[in-house]
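Notes follow the structure.
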Amino acid sequence: MILEKIQKENDIKNIDREELPQLAEEIRQFLIEKISESGGHLGSNLGVIELTMALHLVCNLPEDKIIWDVGHQSYTHKLLTGRRDGFDTLRKFGGMSGFPKRSESSCDAFNTGHSTTSISAGLGYAMARDLKGEDHAVISVIGDGSMTGGMAWEAMNNAARLDTNFIIVLNDNNMSISENVGGLSSYLNAARTGDGYQNLKAGVEKSLLRIPVYGDNIVRGIRKTKNGLKQFFVPGMLFEEIGLTYLGPVDGHDIQALCRSLAEARKVKGAVVLHVITQKGNGYAPAIRHPARFHGAVPFDIETGLPKKRQQKASYTDIFSTVMRKMGDREKDVVAITAAMPDGTGLKRFRNMFPDRFFDVGIAEQHAVTFAAGMAAAGLKPVVAVYSSFLQRAYDQLIHDVCLQNLHVVFAVDRAGLVGSDGETHQGIFDLSYLSSIPNMCVMAPKNKWELSDMLKFAIAYDGPIALRYPRGEAYDGLERFRAPVVYGRSEVIYDETEIALIAVGSMVKTAVEVRRKLREMGYSCTLINARFVKPLDEELLRKTASEHRLVVTMEENVRSGGFGEAVLAYLNDVSAQTRVINIALPDEYVEHGSVDRLHEEVCIDSLSIVKKIVAEYIGK
């Protein structure tokens with residue numbers, strides 16, 4: 001087995017060139033087998049196997065720097081740097097991350113997880129290299145989906161000023177998670193089929209060089225001029241127009257062609273874009289047919305590509321999807337916006353039913369929020385469906401473009417709280433803090449699937465900025481009989497007793513039910529309140545609760561700093577309440593990857609840990 005010869009970085013250089021296709025196939029089969037057991041990002045990784053091999057063949061790691069945009073496509077990179085054994089613990093608690101991690105290997109130059117960052121980081125590396133008088137390659141790998149993000153273009157604009165080598169590998173597979181949209185996608189589609197340009201260029205140069213005496217000078221002159229061959233024969237040669245050298249397109253599954261092109265790119269004095277054409281899911285038919293499903297795959301049967309374990313209950317995303325379709329029927333002014341994730345956010349059904357009212361803006365969360373603000377200002381009712389960890393990329397737009405104008409934009413904040421195996425970059429643990437900090441913003445969180453439905457309807461009928469945050473995974477279907485109407489700023493008292501009051505936010509209501517059960521078994525009377533609104537606080541109920549209970553316990557799946565618990569504590573302090581308050585929240589740190597249940601235990605927000613804390617800090621004193 002050729003893969004067994006790879007024990008550390010640069011070992012691939014000792015493999016015979018004739019064996020490289022076999023190594024690529026072994027890597028492909030290894031990844032399919034491992035990810036079928038553990039789950040993970042399969043399609044993106046299968047698409048860059050040959051590209052990654054070529055990068056490792058022309059680079060000398062860790063001296064040379066490879067920065068992966070997003071980083072979910074770095075599995076082959078991990079294999080080629082001697083981390084094969086780590087795949088047995090891939091994305092498990094304490095195991096190998098599914099993304100590049102500087103603490104994991106010196107060959108991981110930059111921690112990534114969100115898109116459009118690699119060119120900026122790579123340019124920073126290149127500038128630092130030059131200032132320090134070093135001489136090594138810096139290569140940023142970015143997908144065409146990420147190129148819809150404005151930050152990538154900001155970085156390229158800056159990179160055009162560079163007069164030393166910096167390579168941008170554009171991994172073009174016509175996909176982000178779902179199929180790419182927009183003008184850039186159309187532009188790259190044209191470039192993919194632009195073989196005629198390369199042939200024409202070669203033919204013109206060959207003909208000109210035949211001209212006696214002057215041929216050489218003519219070719220050199222054309223190459224130097226701003227309106228060179230590419231601009232003349234390929235209208236809108238975008239990269240060269242902004243000052244970057246463009247090479248390609250190159251077959252991203254031809255190792256030798258990739259090596260030649262990378263070697264050529266390394267000779268360029270300045271920033272160079274190497275356009276590489278790949279196929280997402282290459283070599284595995286189910287991943288090619290279903291790219292969205294195999295972007296972040298759950299454990300699956302290799303032969304059929306179907307999940308090994310079917311989800312038994314509807315997820316919160318499923319509930320959101322159903323209600324959005326119904327609201328689309330009822331409210332003709334409702335429009336839906338996503339940043340390249342119609343499937344992941346549950347908007348696929350809305351798109352199919354109301355294509356004229358569905359907008360996929362690409363991986364461009366900042367634009368999505370201000371785009372929605374414009375729609376709201378014009379009288380529509382935009383619903384922006386976005387993951388919690390991605391919405392934080394548009395914080396300024398939330399403040400300046402939505403809330404400052406008090407515009408009615410609904411934010412459906414999916415994957416809030418701990419999301420599990422994707423780790424630090426994807427945990428949605430800051431949204432209650434950053435959303436609650438903004439004037440005019442209303443923030444809600446449902447306790448179960450029925451309340452999500454009611455809250456979404458409330459949010460669409462509301463007049464102003466409003467965020468509805470809900471977790472990943474199966475929707476809680478407990479407490480069905482508790483379904484009081486949603487009233488602005490009012491919490492819901494589920495069980496009204498004495499002594500201890502549990503006030504839980506969203507997903508933590510389910511945990512609070514179990515905490516209450518355990519405390520009652522210990523002989524304590526326990527009130528349970530579903531907060532419903534994180535902002536505004538239900539101040540009347542808080543004053544009443546504080547006066548009638550010896551202990552108030554707030555529970556949230558968000559960092560403590562700036563969260564719900566701190567807001568409650570500050571309010572009760574302002575009104576001179578004498579009751580004791582315990583905040584159950586996440587610590588002021590990033591939470592690594594692992595199963596959600598294991599992470600709950602690790603950060604002490606599971607029911608057993610909470611009961612122990614209550615006993616130790618209050619009852620035991």
Quiz item: Just checking, is any N or O donor in the side chain of Ser609 or Asp606 under 3.5 Å from an acceptor N or O on the other one?
Solution: yes

Quiz item: Under 3.5 Å, side chain of Arg91 to main-chain N/O of Gly423, donor-acceptor pair present?
Solution: no

Quiz item: Just by modelled atom types, is the Glu592 backbone N or O under 3.5 Å from a matching donor or acceptor in the Gln427 side chain?
Solution: yes

Quiz prompt | Glu37 side chain vs Ile35 backbone, donor-acceptor pair below 3.5 Å | solution = no

Quiz item: Between the main-chain N or O of Val141 and the side-chain N or O of Asp69, is there a donor-acceptor pair closer than 3.5 Å?
Solution: no

Exercise. Evaluate the criterion ring-ring contact (aromatic ring centres under 6.0 Å, His included) for residue pair His114 and Phe390; output intermediate values, then yes/no.
Key: CA-CA 8 Å; His114 290 183; Phe390 299 153; 5.0 Å; yes

Self-check item: Residues Glu521, Lys518; criterion salt bridge (Lys or Arg N to Asp or Glu O under 4.0 Å); working and verdict
Solution: CA-CA 5 Å; Glu521 288 175 355; Lys518 291 176 179 177; over 6 Å; no

Quiz item: Passes ring-ring contact (aromatic ring centres under 6.0 Å, His included), Phe300 versus Phe294? Steps please.
Solution: CA-CA 10 Å; Phe300 60 91; Phe294 282 92; 5.2 Å; yes

Practice problem: Would you check if the side chain of Arg472 reaches a backbone N or O of Val419 as a donor-acceptor pair within less than 3.5 Å? | Solution: yes

Quiz prompt | More than 12 heavy atoms of other groups within 6.0 Å of Asp574 CG | solution = yes

Quiz prompt | Stepwise ring-ring contact (aromatic ring centres under 6.0 Å, His included) test for Phe99 and Tyr75 | solution = CA-CA 8 Å; Phe99 296 86; Tyr75 292 3; 8.3 Å; no

Quiz prompt | side-chain contact (heavy atoms from CB on, under 4.5 Å) partner of Ile584, chosen from Ile614, Ile610, Val515 | solution = Ile610

Quiz item: Taking atom CZ of Arg349 as the centre, does the number of heavy atoms from other residues, nucleotides or ligands within less than 6.0 Å exceed 12?
Solution: yes

Quiz item: Does atom NZ of Lys313 have more than 12 heavy-atom neighbours, drawn from other residues, nucleotides or ligands, at distances under 6.0 Å?
Solution: no

Practice problem: Show the numbers, then the answer: is there a salt bridge (Lys or Arg N to Asp or Glu O under 4.0 Å) between Arg415 and Asp422? | Solution: CA-CA 11 Å; Arg415 306 303 200 268; Asp422 282 339; over 6 Å; no

Quiz item: What's the shortest heavy-atom distance between Ile363 and Ser146, and which atoms?
Solution: CD1-N, 3.9 Å

Exercise. Tell me, yes or no, whether the heavy-atom count around Lys457 atom NZ, taken from other residues, nucleotides or ligands under 6.0 Å, exceeds 12.
Key: yes

Quiz prompt | Side-chain (Glu451) to main-chain (Arg483) donor-acceptor, under 3.5 angstrom | solution = no

Quiz item: Between the main-chain N or O of Leu432 and the side-chain N or O of Asn558, is there a donor-acceptor pair closer than 3.5 Å?
Solution: yes

Quiz prompt | Steps toward salt bridge (Lys or Arg N to Asp or Glu O under 4.0 Å) verdict (Arg469, Asp431) | solution = CA-CA 8 Å; Arg469 63 105 70 170; Asp431 54 74; 2.7 Å; yes

Quiz prompt | Distance-only polar pair, side chains of Ser315 and Glu474, donor-acceptor under 3.5 Å | solution = no

Exercise. Would you confirm whether Ser491, through its side chain, and Ala531, through its main-chain N or O, come within 3.5 Å as a donor-acceptor pair?
Key: yes

Quiz prompt | Phe30 ring center near Phe87 ring center (under 6.0 Å) | solution = yes

Practice problem: Kindly confirm or rule out a cation-pi arrangement of Arg490 over Phe533, judged by NZ or CZ under 6.0 Å from the six-membered ring centre and within 45° of its axis? | Solution: no

Quiz item: Do side-chain atoms of Ser436 reach the backbone of Ser433 as a donor and acceptor pair under 3.5 angstrom?
Solution: no

Quiz item: With a 6.0 Å cut-off on ring centres, are His295 and His72 close enough?
Solution: yes

Quiz item: What are the two closest non-hydrogen atoms of Ser389 and Gln392, and how far apart are they?
Solution: O-CG, 3.0 Å

Practice problem: Please say whether more than 12 non-hydrogen atoms of neighbouring residues, nucleotides or ligands are located less than 6.0 Å from CD in Glu539. | Solution: yes

Exercise. Could you go through the side chain to side chain contact (heavy atoms under 4.5 Å, CB included) check for Arg520 and Arg516 one step at a time?
Key: CA-CA 6 Å; Arg520 294 184 84 246; Arg516 177 179 178 272; 3.4 Å; yes

Quiz item: Is it the case that more than 12 heavy atoms not belonging to Tyr125 sit under 6.0 Å from its OH atom?
Solution: yes

Exercise. Apply salt bridge (Lys or Arg N to Asp or Glu O under 4.0 Å) to Lys34 and Asp88, showing your working.
Key: CA-CA 7 Å; Lys34 289 295 182 181; Asp88 291 331; 2.6 Å; yes

